[in-house]
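Remarks on the structure that follows.
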Amino acid sequence: MVDLIWLVPALPLGGFIVLIFCGRRIGEPFAGWLATGVMAGSFIATVAVFLDMAGRSAHDRRAVVTLFEWIPAGDLSVDVGFLVDPLSLTMCLFITGVGALIHLYSVGYMHGDAGFPRFFAYLNLFTFAMLMLVLGDNLLLTFLGWEGVGACSYMLISFWFTEPANATAGKKAFVTNRIGDWGFMVAMFATFFTFGSLNYVDVLDASEAGTVAQTTATLIAVMLLVGAVGKSAQFPLYLWLPDAMAGPTPVSALIHAATMVTSGVYLLTRVNPVIADAAGWVPDLIAWLGVGTALFAATIAMAQTDIKKVLAYSTISQLGYMFLAVGSGAYVAAVFHMVTHAFFKALLFLGSGSVIHGMDGDQDMRHYGGLRRFMPVTAGTFVVGWLAIAGVPPFSGFWSKDEILAFAWNKSPALWFVGLLTAVLTAFYMTRLMAMTFSGESRYADERPGEEDGGAAALRADHTPHESPRTMTAPLVVLAGLAMVAGFVQLPFSSSTKWLEHWLEPSLYSNEVHLGIGGGTQFLLAAIAVVGGVVGIGVAVAVYVKARVDRGLFEQAIFADAWRIDRSVARFMGGPGRQGFDATNRFDERVVDGAVFGVADVVRRLAGLGRLFHSGMVRTYASGIGVGAVALITWFLVRSTL
Amino acid sequence: MIAALTTPYVAWWALVPLITFAVAGFLLLTVASLVRRLPAVLAPAWTAVAGLGVLLYLVPMWSRVGRDGADSFLAGTVGVDRSSIFVTGILAVAVIAAALISRDYLPREDLPGVELYVLLLMSAAGGVVMASANDLIVLFLGLEILSIAVYVLAALHLRRIESQEAALKYFLLGAFSSAFLLYGIALVYGATGSTNMVRISAFLAQNVLVDDAMLLAGLGLLLVGLGFKVAVVPFHAWTPDVYQGAPTPVVAWMAAGVKAAGFAALMRVFVLTLGTYVSDWRPAFQVIAAATVLAGAVVAVVQTDVKRMLAYSSIVHAGFILVGLQAATDRGNSSVLAYLAVYAFLTVGSFAVVTVVSGTGDASHGLDAYRGMGRRHPALAGVFTVLLLGQAGIPFTGGFVVKLGVLAAAVDGGAYWLAGVAMLAAAVAAFVYLRLLVAMYLEEVPSGTETSGAVPLGALVVAVASAVIVLVVGLVPGPLLDLARDAVPVLVAG
């Protein structure tokens, strides 16, 4: 069954090829059904491989399936091959599973869009690249997928490219990610120079055997961290993710919540032996970076009014938790949270998409209110997502977040405290989102003072919000079910309930930290986290439902403005940055271009001389041969023993 | 008592490609002279099928040589190893491509049919002999079979005076250089007492010549003769004139097939036979390679005729192949073979496009004919773009992979300066290809040019297939490089 793994990426690739060439002829809705169908096939193939793997013993759960030799260049030999192990399979399961659901959802969401087939072609291509990223058996193939998902992400962010803001958002994602990619490339070169190979199996086994100098391991780990920070939108390279919300909502759900942004966490988990060999401050850095980003993004999410911006900052914050887990050596918890987050955040994004769809494209939560009456399925499934992210037991988010917090306490109580604070804020801002959107008075037909309205209020009064079609609500229901029960794959009660940990064991080279705290402490920490979540929810209810507290107290201007970082960066780039670019440009024009033109001139003159020889006369050519012969014979006679 | 007549051992299985080409040619000639009106499609189809048959037959041959090792027969004068099979494959591909391009070319030019195909098959038979010669005399025989057919082919466009001029120039200079080659063979024979390559190399390995002047002079003359065939500086001057004048499908064969056979011969003679004298001939090869890439690239820049541009570009390619050849290592040899294979596709594809663009009369080869092609013939322009980028050696095309191969082989041998010169020349040569691209996509269609009609099928198939192969090799170079690595040439005694 493991040999079937090639089907997993091949199916979306096939879908992409068919759609890009004859998508327009296939048209709506069959292009969407085709794309969804190949995703479902890919998911089935993954499940088949998974069932095979799950039946094996731990040391047997790793297979390399090589398709062909790709680049045999001297010492560097790179194959196109797949590393099939518990980590990559776990990733594949939720990429194809959640991916198929989001494809299905998009059939309804993108209905009537002029670029319908193109959208699904990109979506298929994205999934292919993402699967190559996680399945690749070497760093170069992962990098190829890494760049591929990036490219698809830019294309999909600026999918509605006629709007300049969308195109700019795509460009911003591109430029910011370059910095991360630089880190990845440096790490790749360093890996090749150190290990003489880019294959994970070679690199990780050598690293695990302890043959790597600490400084080298540190360099590789830090550079990979730079790459991961860019892709997974951690501080300070998070700037692109909120802007990426310009893309269609299914894209935000698939790429900017469930899959692509987690590839940084995947990468760091994949190379866990290298991190273990690196200097001790590297894990500390990862943990503090993660928890800092988590808190920072949560504060911003408190004051956003755009529903997708709230979810975007929430994603950054949750990714921060995963980095915290990696830094604390809790790789299982990182993967665990990655999976549960994929379910509940995809659910929340798709739910928000359903709301936006029902509100005719309006994303401002101040215009929502009371929507549960109009869209009961969306509201019902959203409640599940809300409780899961807020950390209410027994929903999935509780279990994964709790495990991360336990490991954070194990590393340092300070980390735990910041993490707990973030959890409280998370419960608060998600409750705020729920309250503003689904409860209270309906505000969709209100007059909006200060807005150029032009009688739009009357129009809106005619257009009541509506529930979304089946193709959109069905994925919501499935995801809600998953968000409810996904936590049960890793229950902290005893070793036998930690199913995910046993499954992942062969990928982690026993680098998973052992929890040094007793069951009692763990229970106490969980209780505190639950109480914190309840406090967050309670405060938000008091502010936004009962209106007992002024909301201005929480919606500080500095939060709404994302700590003014984005604006400062923009100002710097516009001012001194711009001057720097201009200076580079001038250098390029004068020195580089000057040299190029100079060379061209010399070449032209030489060519004029050379042309003289090509007179068209046979005697000239023959004399050329003759002169050449004389020169050669002279050379050889000089070399001879004559 | 009558003593049994001993006939030399003949490995017939290894002669099948040669026999196929030769017999196919003769049969076609006989049938055409007996039957008055042959269907027009018969000759090209016949030729292409012969090429295809050879290509298919090479597969079992390849595995047989892999299993049993290289062989030598006909009293040790002909050998078969994987490199000769590899080069035969390139020749077969070039034959198929040239036949397909000619299918529509001959009716368009209103030229009588069958001779081109007959000569093409004969010439290919000569090429096979060159690629599998184990004896200098046999090598010379193959070279002449190949060349004489090509001289006639060049003159085949009866109504174009340029075609006659090209053929005459090619013939005169070819005869001139053949004399050098023969004299070289004679001197080597004088110095070593044999024309058999196996025996020469064995002799040189076992004996140290007290006076090697005669051998070395012979070596120089051999280089002149073979250098003319593959068109390296300063024996290259005929190339632009002949390419410009000869019928375009013939040029495709000259560039792809003749060059492959010529380099196969160079490899057999210098790397295999005279390998013991590598320290003497390598500097000469290096200087020639450097001069070839530089002169070809620089002069190409000022050309305005696309066929001449491609002629100079083929000179640059020849220089590149020499860069790999001078390494005289297994790696160098396999890089040369891989380069020849990719170059064959690049060049037949490019000349297929040129055939289409040239229009009736085979005359419009100016840059003007290519202006605005991106709009008039988007598909053809797209294919040409891939081929030109491949010739320039842009990454993700086969051209990049094989250029990297020869440069790596040179660097491996410590010839850093030569690799540097070659890269510089590649940068200069890129200008030529980019200029064509600019003409196709960025320049306006000059007023008055008629929009050319439908693209003929044969040329289109060749161009598209070549472009696809060039791209596939660029993306997945492994299989081709593996083949080339396994195709290491060896000399074995019969």
Side-chain angles (χ1 to χ4, degrees), chain A residues 13 21 66-81 140-141 144 147 595-642, chain B residues 165 168-169 172-173 176-177 180 209-221 223-225 227-228 232-238 240-241 277 279-281 283-284 287-288 294-295 297-303 308 331 401 404-405 408 412 427-428 431 475-479 481-482 485:
Chain A
L13 178 65
F21 284 114
T66 306
L67 291 191
F68 52 85
E69 195 177 21
W70 183 33
I71 306 174
D75 306 328
L76 173 70
S77 164
V78 180
D79 295 341
V80 171
L140 190 61
L141 213 54
L144 204 73
E147 292 296 298
V596 169
F597 290 136
V599 168
D601 201 44
V602 169
V603 166
R604 216 168 274 277
R605 275 179 206 189
L606 279 176
L609 284 178
R611 228 174 174 180
L612 291 178
F613 177 54
H614 294 266
S615 60
M617 300 287 179
V618 173
R619 56 174 179 269
T620 321
Y621 300 169
S623 64
I625 296 175
V627 169
V630 169
L632 272 180
I633 291 172
T634 311
W635 160 259
F636 280 114
L637 289 183
V638 166
R639 297 283 296 183
S640 76
T641 47
L642 197 68
Chain B
E165 183 192 330
L168 197 61
K169 274 184 190 166
L172 284 175
L173 293 169
F176 186 51
S177 68
F180 281 99
L209 294 182
V210 183
D211 175 10
D212 57 4
M214 194 196 310
L215 180 74
L216 283 171
L219 222 132
L221 294 172
L223 184 51
V224 175
F228 173 82
V232 291
V233 170
F235 318 114
H236 68 294
W238 57 277
D241 288 12
Y277 278 79
S279 57
D280 291 307
W281 56 258
V287 170
I288 291 178
L294 282 179
V298 167
V299 185
V301 167
V302 290
Q303 300 304 317
R308 285 186 84 87
R331 187 170 178 184
V401 174
L404 189 69
D412 227 22
V428 175
F431 171 82
L475 293 172
V476 190
L481 297 187
D482 282 350
R485 191 190 54 208

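Chain letters run A, B, ... following the sequence lines, proteins first and then strands; every chain starts at 1.
- Residues meeting the ring-ring contact (aromatic ring centres under 6.0 Å, His included) test with F636(A), sequence neighbours left out: none.
- I288(B) is listed as a side-chain neighbour of L632(A), based on a closest heavy-atom distance under 4.5 Å.
- Between chain A and the options A237(B), P240(B), A284(B), A297(B), the largest number of non-hydrogen pairs under 4.5 Å is found for A237(B).
- In this structure, W635(A) contributes its side chain and G220(B) its backbone to no donor-acceptor pair below 3.5 Å.
- Heavy-atom pairs under 4.5 Å with chain A peak, among G218(B), G227(B), P283(B), A408(B), at P283(B).
- In this structure a side-chain-to-backbone donor-acceptor pair under 3.5 Å is present from R639(A) to S279(B).
- Taking CG of L173(B) as the start and CD1 of I625(A) as the end, the distance is 5.0 Å to the nearest 0.5 Å.
- Taking chain A as the reference chain and counting heavy-atom pairs below 4.5 Å, the highest number among F176(B), W281(B), F228(B) is found for F176(B).
- In this structure, M214(B) and S640(A) have side chains that are not in contact, with every pair of non-hydrogen atoms separated by 4.5 Å or more.
- The side-chain contact (heavy atoms from CB on, under 4.5 Å) check on L209(B) picks up F203(B), L204(B), D212(B), L215(B), Y277(B), with sequence neighbours excluded.
- Side chains of W238(B) and V618(A) form no contact here, defined as non-hydrogen atoms less than 4.5 Å apart.
- Interface remark: I633(A) contributes side-chain atoms only to the contact with chain B (heavy atom separation under 4.5 Å).
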